[in-house]
Number of protein chains: 2
Amino acid sequence: MDVLFELSEFFKFFGDTTRIRIIHLLLSGEVSVNDIAEKLNLEQSVVSHQLRILRTANLVKPRRDGRKMFYSLDDEHIGLIFNTGLTHILHKKGK
Amino acid sequence: MDVLFELSEFFKFFGDTTRIRIIHLLLSGEVSVNDIAEKLNLEQSVVSHQLRILRTANLVKPRRDGRKMFYSLDDEHIGLIFNTGLTHILHKKGK
DNA sequence: TGAAAATATGAATAATTGTTCATATATTGA
DNA sequence: TCAATATATGAACAATTATTCATATTTTCA
């Protein structure tokens, strides 16, 4: 498969407000599905749907503890990309 | 405006095959609209439409030379984000 | 000045994608 | 095992967005 196509697919996962908010929340550590929904004021099913997308794309990884599922960022790259983008737009705003 | 919303909007620009291919092409320097269309085998109007999006979002900047318009990446962050994403997916593939 | 070349734009269509609502699955503890 | 809790999933709908096609601008040069 074309790597540029894969790259654009990869960036799509960052290109949604709900997912970016989830990623932002997970920057500080693992959080359960219900806690994500509560803290971000989202419906549980919205969170589950988006978590599945993020999980499938290897942006987050799940850990089961009893009947709860805790999600965390998959690796350092995710935070790095998040922060590079953030730096860019803050830089642009500062002008 | 919420900075997380802006950030997701920003990443959206990378989340399209046509735009990623344009960004990739511009990594090696400025290119005219027709040359972009020709090298990427795209219709001219597709390129113009996407360039307007990229220009509005400050991802690329135009320079007029006669009747030609040359486009280049706006700043280093664009290439940095591109490469960080690329590194990530190549890293994932390597596993 | 007028034609040709290069780029930009507008409207319509097609395709993708996020959310909603209902329901299914899985785990724990009584 | 049964009820309660936590999470996941499926289908339908709504909204967003990329592409297409036609046409409008802008600039150069004969």
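Sequence lines set the chain letters: A, B, ... in the order given, protein chains first and strands last, and positions in each chain run from 1.
- Panel note: side chain B:K61, backbone B:D74; a donor-acceptor pair is recorded below 3.5 Å.
- In terms of polar N and O atoms assigned as donor or acceptor, the side chain of B:Q44 never comes within less than 3.5 Å of the base of C:dA6 in a complementary pairing.
- Among the atoms of the strands shown, only primed sugar atoms or phosphate atoms (P, OP1, OP2) are found under 4.0 Å from some heavy atom of A:Y71.
- Taking the six-membered ring for Trp and thresholds of 30 and 60 degrees, B:H88 and A:H77 have ring planes more than 60 degrees apart, a perpendicular arrangement.
- In the helix from C:dT1-D:dA30 to C:dA30-D:dT1, the end axes, each obtained as the rotation axis mapping the C1' atoms of four pairs onto the next four within a five-pair block, lie 20° apart to the nearest 10 degrees.
- With rounding to the nearest 0.5 angstrom, the CZ atom of A:R21 is 11.5 Å from the CD atom of A:Q50.
- Residue A:F13 comes nearest to A:R19 through the heavy atom pair O-NE, 2.9 Å, listed as atom of the first residue, atom of the second, then distance.
- Across all strands, B:F70 comes closer than 4.0 Å to no nucleic acid atom at all (heavy-atom distances).
- Nucleic acid contact class of B:E43 (heavy atoms, under 4.0 Å, all strands): sugar-phosphate only.
- Remark: ring of B:H49 stacked against base of C:dT9; centroid gap under 5.5 Å, plane tilt under 30°.
- B:D16 places its CG atom 11 Å from the P atom of D:dT17, with the value rounded to the nearest Å.
- Heavy-atom neighbours of B:N41 CG from other residues, nucleotides or ligands within 6.0 Å: at or below the threshold of 12.
- Distance CD1 (A:I36) to C1' (D:dA8): 14 Å, rounded to an integer number of Å.
- Among the atoms of the strands shown, base atoms are found under 4.0 Å from some heavy atom of A:S45.
- Positionally, the nearest nucleotide of DNA chain C for A:G15 lies more toward the 5' end than for the other of A:D65 and A:G15.
- Side-chain contact between B:H24 and A:L7 is absent, with no heavy atoms from C-beta onward closer than 4.5 Å.
- Here the closest non-hydrogen pair linking A:S32 and A:F70 is N-CD2, 3.6 Å.
- Counting any heavy atom pair closer than 4.0 Å across all strands shown, B:I53 reaches sugar-phosphate atoms only and no base atom.
- When the P atom of C:dG18 is taken as reference, atom CG of A:L40 falls 16 Å away, rounded to whole Å.
- In this structure, of D:dT7, D:dA18, C:dA8, it is D:dT7 that holds the atom nearest to the side chain of A:S32.
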